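Remarks on the structure that follows.
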Amino acid sequence: MDINVDKYPAKSHAKRVAEKLSAAGHGSSGIIFVEGQKEHIIDDSDEPFHFRQRRNFLYLSGCLEADCSVAYNIEKDELTLFIPPIDPASVMWSGLPLEPAEAMKQFDVDVVLPTTEINNYLAKCGVEKVFTIADRVCSEVSLSSFKQNESSALKTAIESCRVVKDEYEIGLLRRANEVSSKAHVEVMKSATKATNEREFYAKLNYVCMANGCSDQSYHPILACGPNAATLHYVKNNADLTNPATGVKDQLLLIDAGCQYKAYCADITRAFPLSGKFSPEARQIYDIALEMQKVTLGMIKPDVLFDDLHAMAHRVAIKGLVKIGILTGSEDEIFDKGISAAFFPHGLGHHLGMDTHDVGGNPNPADPNRMFKYLRLRGTIPERSVVTIEPGVYFCRYIIEPFLTNPETSKYINTDVLDKYWTVGGVRIEDNVVVRANGFENLTTVPKEPEEVERIVQEGAN
Ligand code: GLY
Ligand code: MN
Ligand code: MN
């Protein structure tokens, strides 16, 4: 793996956050105090919820353990990690927790203390100001020794730093992509023999786990035929035989990616279960691929993501006019937002420790329906990581309102449209790093249609 330092760069993250706070007028001293996620027990049970570290804590510590906290003394440039002390009763059940010497070795911190020392540390640090995240400090922690608790600036400062990744973080995202890409290819290869979406789900989990990635980034989508028109389809349990024809002649849309050390991949492909695209499916696939290629080609530092999204719509319109589903002038169809009937979501989003990572500034109240669901508004700086995920779908709930309104229905040829409902949907999603000279694509799953067909066919042998 292409990671040049041996520890997650927590200290450099803490420094960057302190600089952000200073640039926002909050001075150059104080303690940044952030709590990690505590373990929680499920109601009426003795089982814990599946653990997921708080991302803003992870950014400042690199620590994936439960019940920890971190403090950064800005003036002293000293990062302290607090870890739970040894509790003999819990050692009996769960084994030894992380020990201080091991924590010093693993993490890029200056000091490791037990969490029982948090209040003592805060009381004696001799600093007037503490930076916290509102509603993220538990009642056992006392901040009474500080003159000021600034609880509104820290979250924004951390989240704005998280947009631009360092090479270490990009290395983690690359690894998450390598493993997820391998899983996608294995799912494709299993297509001709599978009978139910569940088998793809099992294969995906198997390959990711066997390659060191136990957690998926989000609930995977394994959607056969018209199920793919539900953007976040999660049932993953349908039979693959097309009830209308009695054979496996539909597309499978897979939107799945695993986490590597909490850094997320988010990849989508669509492939024919038979190993051969139907003519209609191939036309739609080609449009989605062209939308992706054109918008990938526009990526460079500080380009406006809104412009890429608008261009994806223009490419979709050209393609849908060419095959006859849309009719009219490209500009008029674009201005009236008609392509949102077929491409209703946004072109992409920031990616990092969260799948829909921070810093996107979406505007769900945007009156322009084309931009309402675009999660990333504004420019994308060098070393930000984004998804490029155009799609074309045939979802009755989305398209029918366009067909019942004469203002919009005149642009849609329903005779042609009727041939495409069974395609369901095609989305093609890659994860890319914005680089000085363009972009680096972290996703290695093949997407040229002939190659996709070849991989599926290879699995039949
Ligand atoms: N997998 C969710 C998304 O692509 O945004
Ligand atoms: Mn995505
Ligand atoms: Mn996705």
Side-chain angles (χ1 to χ4, degrees), residues 52 55 162-163 165 173-174 176-185 187-188 197 200-201 204-205 208 213 215-224 227-236 251-260 262-271 285 288-289 291-292 295-296 299 305-306 308-309 312 340 343-364 371-377 380 384-393 395 398 424-434 439 441-445 447:
R52 186 180 192 274
R55 279 13 194 176
R162 281 173 53 185
V163 168
K165 274 70 179 175
L173 290 164
R174 192 178 289 119
N177 258 269
E178 280 165 9
V179 174
S180 306
S181 295
K182 195 177 168 84
H184 271 253
V185 171
V187 166
M188 277 184 201
E197 291 167 351
F200 296 133
Y201 194 5
L204 171 80
N205 277 322
C208 292
C213 297
D215 286 334
Q216 293 294 311
S217 306
Y218 49 90
H219 193 95
I221 297 164
L222 295 146
C224 169
N227 294 341
T230 302
L231 299 182
H232 284 172
Y233 172 79
V234 290
K235 291 181 184 162
N236 300 341
L251 289 183
L252 192 285
L253 183 145
I254 165 172
D255 182 344
C258 60
Q259 301 178 35
Y260 181 66
Y263 279 74
C264 298
D266 177 10
I267 302 171
T268 309
R269 290 291 184 266
F271 58 84
Y285 190 93
L289 188 57
M291 290 161 79
Q292 202 206 36
T295 49
L296 281 171
I299 295 182
F305 202 77
D306 309 46
L308 271 66
H309 177 74
F343 174 34
H345 60 75
L347 181 66
H349 49 83
H350 282 298
L351 183 73
M353 288 185 273
D354 282 308
T355 305
H356 297 153
D357 210 22
V358 291
N361 301 312
N363 178 15
F371 288 88
K372 199 173 154 60
Y373 297 112
L374 181 55
R375 295 178 198 272
L376 204 179
R377 308 296 298 265
I380 45 174
S384 58
V385 179
V386 300
T387 67
I388 298 292
E389 51 177 303
V392 177
Y393 310 86
C395 175
I398 298 172
V426 172
R427 176 166 64 257
I428 304 173
E429 176 175 27
D430 286 353
N431 304 166
V432 305
V433 187
V434 181
F439 69 93
N441 197 336
L442 301 176
T443 306
T444 57
V445 194
K447 59 191 171 189

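In each ligand, atom 1 is the first atom listed, and ligand 1 is the first ligand listed. Residue numbers start at 1 and run along the sequence shown. Here the structure is a predicted model, which means the values were calculated and not measured.
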**Message:** Quick check on contacts: which atoms of ligand 1 are under 4.0 angstrom from a heavy atom of Y218?
**Reply:** 1 (N)
**Message:** Under the side-chain contact (heavy atoms from CB on, under 4.5 Å) test against V386, which residue among L376, L308, V163, L351 passes?
**Reply:** L376
**Message:** Under 2.8 Å from the Mn ion (ligand 2), can any N, O or S atom of H356 be found?
**Reply:** no
**Residue H356 vicinity, atoms of ligand 1 by number, heavy atom under 4.0 Å** = 2 (C), 3 (C), 5 (O)
**Message:** Looking only at distances, can you tell me whether any N or O atom of T355, backbone or side chain, sits closer than 3.5 Å to an N or O atom of ligand 1?
**Reply:** no
**Message:** For H345 together with Y393, are the ring centres under 6.0 Å from each other?
**Reply:** yes
**Prompt:** Would one find an N or O of R375, backbone or side chain, under 3.5 Å from an N or O of ligand 1?
**Reply:** no
**Prompt:** Is the closest side-chain heavy-atom distance between N177 and Y260 below 4.5 Å?
**Reply:** no
**Request:** Please determine if H232 has a nitrogen or oxygen closer than 3.5 Å to a nitrogen or oxygen of ligand 1.
**Result:** no
**Item:** Residue E429 atom name (nearest to the Mn ion (ligand 2); N/O/S)
**Value:** OE2
**Message:** Return the closest protein heavy atom for atom 4 (O) of ligand 1 as residue, atom name and distance.
**Reply:** E389 OE1, 3.0 Å
**Request:** With heavy atoms of E429 as the reference, note each atom of ligand 1 found under 4.0 Å away.
**Result:** 4 (O)
**Request:** Show your working on salt bridge (Lys or Arg N to Asp or Glu O under 4.0 Å) between D215 and R52 and close with a plain yes or no.
**Result:** CA-CA 10 Å; D215 286 334; R52 186 180 192 274; over 6 Å; no
**Asked** So what does the E389 OE2 - the Mn ion (ligand 2) - D266 OD2 angle come to, to 10°?
**Response** 160°
**Prompt:** Does H309 have its ring centroid less than 6.0 Å away from the ring centroid of F343?
**Reply:** yes
**Note: R162-D354 ion pair, threshold 4.0 Å (strictly below)** = yes
**Message:** Within ligand 1, which atoms have a heavy atom of H349 less than 4.0 Å away?
**Reply:** 3 (C), 4 (O), 5 (O)
**Message:** Before we go on, tell me: are the rings of H219 and Y201 under 6.0 Å apart, centre to centre?
**Reply:** yes
**Prompt:** Between the side chains of H356 and R375, is a donor N or O closer than 3.5 angstrom to an acceptor N or O?
**Reply:** yes
